[in-house]
Every structure is written in C-alpha cells, then in structure tokens.
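Report on the following structure.
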Number of protein chains: 2
Amino acid sequence: MGVVVSLNETRKSNGISALTELCADGMNSVNELILSKAGSDVEMIPEVARHLISSGGKRLRPMLTLAAADLCGYKGDGDVKLATSVEFMHTATLLHDDVVDESDRRRSKPTARMIWGNQASVLVGDFLLGQAFKMMVEVGSMEALDVLSTAASIIAEGEVMQLAAAKNLGTTEDEYLAVINAKTAALFSAAAEVGPIIAGSAKDERAALKSYGTNLGLAFQLVDDVLDYGGNAKDLGKNVGDDFREGKITLPVLLAYRRGNDEERTFWRESLEGDNNTDERLEHARALMSKHGALADTITRAKHFGAIARDALGPFKDSKMKNAMLDVVDFCISRVN
Amino acid sequence: MGVVVSLNETRKSNGISALTELCADGMNSVNELILSKAGSDVEMIPEVARHLISSGGKRLRPMLTLAAADLCGYKGDGDVKLATSVEFMHTATLLHDDVVDESDRRRSKPTARMIWGNQASVLVGDFLLGQAFKMMVEVGSMEALDVLSTAASIIAEGEVMQLAAAKNLGTTEDEYLAVINAKTAALFSAAAEVGPIIAGSAKDERAALKSYGTNLGLAFQLVDDVLDYGGNAKDLGKNVGDDFREGKITLPVLLAYRRGNDEERTFWRESLEGDNNTDERLEHARALMSKHGALADTITRAKHFGAIARDALGPFKDSKMKNAMLDVVDFCISRVN
C-alpha cells in the first residue's frame, strides 16, 4: 500500500495493551454483565448476543468508559454498568448496520443476519438497546442518561445521513466528517464523557474527555476507512474491499474522486453502483488511490484528529492510565501499518 | 362474521370520543412536540416520521399517559413529553415491525419501507427511540425512565419470541398471551403507569393504572387479531387477511387449529407457510373459525381482560376522565362490531 505512519512521538507507545491491562478487572465485570443482561428466556436472544460478543472485537468503547472514570478517580460500580450499556449500544448498532448494509460477513465471520435473518438482527438490536437504557437507569445518573440517549439519537441520525448521501460523489469532506462524527465519534465521545460524569468531575475534565473521545473516534473511523482498501486489515479480521463492493462512500473514495480525471470519475461513479465491483476493479481503485495519495492523506487527516485527542488529555496529571489512553490514540492510527 | 359483542354494561359508552375530547389540549401539545422532535437536518427523518404520524392512528397510547396523569391530578408538562416518548416508542416499533414482517401496507397506505426502503425504516426507528429517551431524560423522573426502558426491552423480547414461535402451531394460548403481553400490553401498561409516577401518586394508584394499561392492551390486541379476519376492519384502515397472508399465528388461528380435525389442521399447517394464501383460502379460514367459534371466543377472552381493566380503575373517585377511561375499554372491544 505504500502507507507508512510515523508516530511523531517521543514516548514509546504500547498500543492498546497497557489499556487492556489496566482495565482487565473492570472488563471482566463488563463481560459477566454482558452475558447476564443479554440473557433471556427467548433462546434466540442470548444466541445472537453471544455470537456478536464472542466475535472478538477489541471492546475499545467500554474500555474508554472504564478508563475515563478511573482517570477521574471514580470508585464504584457504575462505570461497569455504563461501559456495558455502551457496548450494548454499539452491538445494537452493528446488528442494525448489517441489515441496512446487507453485509454477509463481519470480522471474517458470518453476520448475525446471515445466520438468524434480518428479523432477529433488528429485534435483538432493539432488545439490547432497551437493556442498555435499563442499566443506565440502574446507575441513576440523569446526566449520563442524557449524554448516552443523545448519542443514540445522533448515531441513528448519522446512519440516515449516510444512507441519504450514499451514492452522492458530490459529498464534501466536511459532510463526510459530519457523518462519521455522528455514526462513530458520538459513541466514543459519550463513552468517554460518562466517566467524569459519574465521578462528579469538574466541567473542564468532562469537556476534555468528551473531546478526547470525539477525536479518537474520528481518527479511528478514518483509519477504518483506509483499512478497507488494504493495510494489514486481514489481521484485524476485516474484509478488504467490503466498502468498495458495497459502493460505500468513504474519505479515500472522495479524495480519489475529487483528484481524478474524467475517466477516473466515470470509474468511481460506476463503482458506486456497487453491483459489479470485482477484484480487478478493486485493484484499480487501490491504484487510483495510490496515484492520488488518497489513503496516505486520509491517514494524515486521522493523525490530525489523533493529535487533538492527545492534547485534550494534557491537563490531567501523569498516570499509568493517562499514558495508556495516549497510547490508544497511537494504536488507532498505527494499526494501518 | 356472526360476531356480536354485548357490552354487558349499564353505563352508556361514548367509545373513544370522551377521552379524545378530554385529552384534546394535551394531544395538541403532543402533536406539536412530535413534529418538533422528529425534526432533523437529515431530510429523510421528518419525511418518514410525518408519513407515519399523518397515517391516522388513534394515538391511544399517548392519550393513556395524559389521561392517567390527569386522573392522578398531575399539573405540569411532563405528561406531554412522556406521552410523546410513548408515541415515538410505538412508532419505532411499527417501523421495525414492518421490516420484520415484510409488510407492504399499514392502514391502507404503503408502509415506510415500501417508500424509503428497509434501511431507512430501521434507522429512523432507531432515531425516534433515541429521541424518546432524550425526552424522558428532560422530564427527569428516574422511575418513569425505568418503566419505559423496561418496556422497550420487553417489547423487543416479545417480538423475538413471536419470531421464534412464528410457525409453531403447538404454541399454547398461554404462550401466545405471553407474546402479546410483551409486544402490545407492555407499552399500554407503561404508558398508563408513568402518569401516576410523575404525579407522585401512591403505590396503589400506580399499580391500578399499570393493571388497567396491561389488560386494556391485551384486550386491544386480541380484538386486533379478530379484526384481521373480518368485522368492520376496513373502516379501521386495517387490511383484512394480512395476518393470514403472512402466515402469522394469532389466537383465532390457535383456537381453530386446536378445535379442528386432521384435515383442517393440515390446512392450517399449509397456511402458516404463507406463500399461497389466496382469497379463497382466507374465506376457508374464516369459515373454519366460524365453525369452531374461534373469533367469538377470542372476543370472549378480550372481554375477560377488559373487565379486569375496568375493575382496576374501581378505587378512583368518579370523574369525567375516569368514565372516559372506562369507555375506552368498551371501545377497544366493541370496534369489532
């Protein structure tokens, strides 16, 4: 791919491993709570939930909640419940997304809708969303409820926005950013913001962690867009070319389109129809992106947001957790190497 | 159909009109709030929302919230917000149901999914659900949030249950009741229960209104099941035969199946496949139901629950609102005439 990321950091990064280690106890509790709250006498519900939960995500979002709460000195079990709520909201979104995108595979495994059908995917998603809100109510923080329910609205709004913009190559970079801000960054942001909320932290800390989450989410999504056209995506369990085959507009496509000549733009327009996107066409798409530096520049954009995320944590005093959270920014960007 | 309902009441019933009149002011505010909260810069969202909202439902559920709050002497604007939340939850469920059931028409109009696609239906439903929770947060009652988020989980669980039982003629009446308790009665119940909650009423009043809502919902759904096989369903904007064409199990089907002979059971089994349910077969189904009194007995069951709903309101002192709420029970049952 010719994409190299220089981390531009003096501090050595541990990737995601330091965060995983620091959050290990909390995440064990989250995992237990997930299994218990995804339980139901209706057999299909725990089956679908287990399928998704065992499919090996990094659980970055719930870790953000645990980490942010810890960074703000929170002692209690509300963070575990909110982290689980966040993961359920994310899982519900994945279930609904797969239906909306008609996806066959996620992380190299068949999607829930391929096994249990679109119907179960829609409904189990709804169930998990309901359970998420029930857990938030248990925690009892109206502010956390406000932040997470607002995120739920924004995420859905972002998905509709993406649907509406789906086949429009005239989408500007700003418009695309608004989409990923809603569909990805909003949940990262809320996940991080509820930490200081339940810790009763000052306004500034809350704003800082919200900003950290938002910008980390933007960086994460942009790198995800790049991974769909190559990198070491296979190791990450992503199917290279999914976005292309579905004719999905992402920043690399928009950049290549804007920088292309008439012939290339015709290619992109045809590709967005998405019904004949063969491996050969994927190769051609990658070549055009390479020619115009579309992937490298998408990563440059991601690094921009990553830098904002890092600076957002500046005022917090040094700690293992703070360093781990800084490392995660590097991780989100450097997984493209 | 040969189905006649004797109301078995000494009091003259005004149907739903008294409730509609008493709730008129509140419902005007609900309608304004619906339009404002379904607003979005993403054009498709208000379009889809308007389509559903203008499609002429009775708005029974939000009226229940207003009525229950009024009955408990509530003064404030929280009832309007919660009523709107309830209507949004209901609308989200309809959007998702139409996708799950692959329905083409609702109330004689094309469903949202037929106009904007399954994708928009799933996502706009998610958006409305998010907005519903945001409004609940605005009201600020953790108990109301608890009741409504629990209902959201139960509704989805009930839909999955129905999906799992979809083609099983061995479903017992009890199992079927559990399904409609979850998919219909839970929201009626929550809609009525949040009234006394925000009014700060005593535990008994809360329990009474919860019971009223639950049993009204059960009666409502059973009559709905009957209407699908005839009655004056056309006037109500229902498509007669939808359930049959989709091979959906409802109580009239279960009763006819249980009471039928081998040949009839073969007919029902074939009908549940749902891919060849012609008008002739629908006529035959109606004849079998008539032969076995399946529709009349479903209405008898509905009246049983209606009676419980009425008695639940017993302890409240007489008022126009109480009478209107009693009338609604009659309305829900007698619309089959």
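Given the structure is predicted, the values throughout are model-derived calculations rather than measurements.
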Do you know which of B:Ala156, B:Ser153, B:Ala152 has the most heavy-atom pairs under 4.5 Å to chain A? B:Ser153
Select one option (side chain, backbone, both, neither) describing which atoms of A:Asn118 are under 4.5 Å from chain B's heavy atoms. neither
Should the pair A:His51 and A:Trp116 be assigned to parallel (<30°), tilted (30 to 60°) or perpendicular (>60°) ring geometry? perpendicular
Please look at B:Leu128 and chain A and tell me whether the side chain, the backbone, both or neither of the residue comes under 4.5 angstrom of a heavy atom of that chain. neither
Let's test your reading of the structure: which of B:Glu43, B:Met44, B:Met136, B:Glu157 forms the most heavy-atom pairs below 4.5 Å with chain A? B:Glu157
Determine whether the side chains of A:Asp225 and A:Tyr176 contain a donor N or O and an acceptor N or O closer than 3.5 Å. yes
What I want to find out is whether A:Arg206 reaches A:Glu143 closely enough, with some N-O distance under 4.0 Å, to be called a salt bridge. yes
Would you call B:Lys81 and B:Glu138 a salt bridge, taking side-chain N to carboxylate O under 4.0 Å as the test? yes
So what's closer than 4.5 Å to chain B heavy atoms on A:Leu148: side chain, backbone, both or neither? neither
In terms of relative ring orientation, are A:Phe133 and B:Phe133 parallel, tilted or perpendicular, with 30° and 60° separating the classes? parallel
